[in-house]
Asks: 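Below is one structure. I have some questions about it.
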Amino acid sequence: YLRKTIKKLRYILEIEKKDSYQNLISNLKHLQKTLGKIHDCDIFIWYLEKISDKDQNISSLVNRERYKRSHLYSSLIQEMSEFSLPERSPDT
């Protein structure tokens, strides 16, 4: 849901061709990609856990995917803590 909302915000900002928004738009694109990768990991982990009853060798793959997701999530938290909005000019 967050990824789709960010996409809508980015599209609105892209309509207004202000240079001050370009960095924000770039950051939003990157955020969308990271959220997409986390979502992909969630789906893959869910699928692997679903079929893991049939094959015990899958558990190492599940652990690797969980590690990847954890790393992506930590990276996202770090990036969000550094996220900043463009300065507003006095006339806006």
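These numbers come from the heavy atoms of this one structure, side chains and all, not from hydrogens, waters or symmetry mates.
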Asks: Please check if L28 and I12 belong to a single hydrophobic cluster, counting links between Ile, Leu, Val, Met, Phe, Trp and Tyr side chain heavy atoms closer than 4.5 Å.
Replies: no

Asks: Quick check for you: to the nearest 0.5 Å, what is the distance between I45 atom CD1 and R69 atom CZ?
Replies: 6.5 Å

Asks: Can you tell me how far apart NZ (K4) and NZ (K7) are? Round to the nearest 0.5 Å.
Replies: 8.5 Å

Asks: Test of understanding: clusters of I, L, V, M, F, W, Y form through side-chain heavy atoms closer than 4.5 Å, transitively. Do W46 and L61 belong to the same one?
Replies: yes

Asks: Has the side chain of T34 got a donor or acceptor atom that lies under 3.5 Å from a matching backbone atom of H30?
Replies: yes

Asks: Whether E14 and R10 form a salt bridge (side-chain N of Lys/Arg under 4.0 Å from carboxylate O of Asp/Glu) is what I want to check.
Replies: yes

Asks: Once rounded to the nearest 0.5 Å, what's the spacing between atom CD of E79 and atom CG of L72?
Replies: 9.5 Å

Asks: Taking C-beta and beyond as the side chain, do L31 and L76 meet within less than 4.5 Å on heavy atoms?
Replies: yes

Asks: Please check if L48 and I43 belong to a single hydrophobic cluster, counting links between Ile, Leu, Val, Met, Phe, Trp and Tyr side chain heavy atoms closer than 4.5 Å.
Replies: no

Asks: Looking at CD of Q22 and CG of L24, how far apart are the two atoms once the value is rounded to the nearest 0.5 Å?
Replies: 9.5 Å

Asks: Hydrophobic cluster membership, with links at side-chain heavy-atom distances under 4.5 Å among I/L/V/M/F/W/Y: are Y67 and I58 in one?
Replies: no

Asks: In Å, rounded to the nearest 0.5 Å, how long is the span from NE2 of H39 to SG of C41?
Replies: 10.5 Å

Asks: For the side chain of S75 and the backbone of H71, is there at least one donor-acceptor N/O pair under 3.5 Å apart?
Replies: no

Asks: I'd like to know if I15 and Y11 are part of one continuous hydrophobic network [Ile/Leu/Val/Met/Phe/Trp/Tyr, side-chain heavy atoms within less than 4.5 Å].
Replies: no

Asks: So how far is it from E49 CD to S59 OG, rounded to the nearest 0.5 Å?
Replies: 11.0 Å

Asks: Give the minimum heavy-atom separation between Q32 and R3, together with the two atoms involved.
Replies: O-CD, 3.4 Å

